[in-house]
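Remarks on the structure that follows.
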Amino acid sequence: MPELPDVEIYRRVLERHGLNRRIAAVEVLDVGMLADVGPADFARALAGDRLTGTRRHGKNLFARRGRGGHLWMHFGMTGALAPFREDAPAHARILYRFEQGPHLAYVDVRRLGHVGLVEDVEAWLEAEGIGPDALDPALTAERFAEALGRGRRSVKAALMDQARIAGIGNVYADEILFQAGLRPDVPVSALDEEWRRRLFAVMREVLRTAVDCGAAAERYVERLPDDYLTKRREKGARCPRCDTPLETLRIGGRTSFYCPRCQIDPRG
DNA sequence: CGTTATGTTCGATG
DNA sequence: GCATCGAACATAAC
């Protein structure tokens, strides 16, 4: 589930296994994953180099290269970064081989992710139109409130808009709205400052909790608090708080789970 | 076979 | 101009 918490875990994987080690070779097993760079240039840029630092912004992961510039990864819907020693994991698309294992594999079943080279991260984020990271300490409640906007757009669509706040996807948007007690289809124009502050605090809490529970790990969902909606994301499930059957909505082509009793529309 | 799935982008439509 | 909707991308699981 590569949303912010999952990508944060991959950042830690990269930090732990990929930093300051000489890259012996890069194997591009699927050229289609590369964005704006050919396999030969990509491999040549990294082979012999070292990664000297990591950074995550929203769902994007960057690794600083010793020679300058950065390696960039986006995980799409099914991407992951996994260490391996002998055989590469199933659906591995790019292998980063170090002189001694473990090596790292960029894995992506559906191949909707992208990998490439980025020179200047700040300039790249600006050019891509990506908003402030949801967990950036510099993101204040005031900036968050402003970023949500004031239009007719639904609060869920706004939360998932990477140009406004970067890092939230379908699953965590539903969780944040459940924990905040807000229906997903409420237009942002209906949110007063108090609701915006509440949404901000809940967003931080939910994302931090997901990271702390080891997002992206096998069966990490089980470690989430019992009152988390994410544990019940399936048809016919009931609200973890009041046992009311959950309902679904389609917003932006994606399914939204919500509790019709615990989540309200501030307009009444 | 049909439906759905954590993301993003693009073209069409309101 | 802005927001929304469906389709597309590609693959697996139920």
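Treat the numbers as computed from the prediction; the structure is a model and nothing was measured. Residue numbers begin at 1 in each chain, while the letters A, B, ... track the order of the sequences.
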Gap separating the SG atom of A:C259 from the CG atom of A:D243, nearest 0.5 angstrom:
9.5 Å
Could you give the [atom1]-to-[atom2] distance, from [X] to [N], as a whole number of Å?
X      : N     : atom1 : atom2 : value
A:D161 : C:dA3 : CG    : P     : 8 Å
A:I165 : B:dG7 : CD1   : C1'   : 18 Å
A:D174 : B:dG7 : CG    : P     : 10 Å
A:E3   : B:dG7 : CD    : C1'   : 9 Å
A:M160 : C:dA3 : CE    : C1'   : 13 Å

Want to settle it: does A:T255 or A:H74 sit nearer the 5' end of DNA chain B, counting the closest nucleotide to each?
A:T255
Looking at A:F98, I'd like to know if the NZ or CZ of A:R21 sits under 6.0 Å from its six-membered ring centre while staying within 45 degrees of the ring's axis.
yes
Ignoring backbone atoms, test whether A:K235 places a side-chain nitrogen or oxygen under 4.0 Å from the OP1 or OP2 oxygen of B:dT3.
no
Dot-bracket for DNA chain B, 5' to 3', Watson-Crick and G-U pairs with both distances under 3.5 Å, [ ] for crossing pairs, | for partner on another strand, reads .||||.||||||||
For [X] and [Y], does a side-chain donor sit closer than 3.5 Å to a side-chain acceptor?
X      : Y      : result
A:T255 : A:R250 : yes
A:S154 : A:D185 : no
A:R198 : A:Q179 : no

A:Y10 and A:F75 aromatic centres sub-6.0 Å
yes
If you look at every strand shown and take non-hydrogen atoms under 4.0 Å, does A:R164 touch a base, only sugar-phosphate, or nothing?
sugar-phosphate
Could you work out the separation of C:dG1 and B:dT8 based on their P atoms and round it to a whole Å?
25 Å
Between the side chains of A:D49 and A:R22, is the shortest nitrogen-to-carboxylate-oxygen separation below 4.0 Å, so that they form an ion pair?
no
Looking at A:R143 and A:E146, is there a salt bridge between them, counting it only when a charged N and a carboxylate O are closer than 4.0 Å?
no
Tell me, yes or no, whether the heavy-atom count around A:R232 atom CZ, taken from other residues, nucleotides or ligands under 6.0 Å, exceeds 12.
yes
Under 4.0 Å protein heavy-atom contact, by nucleotide of nucleotides 4-14 of chain C - B base, S sugar-phosphate only:
SS---BBBS--
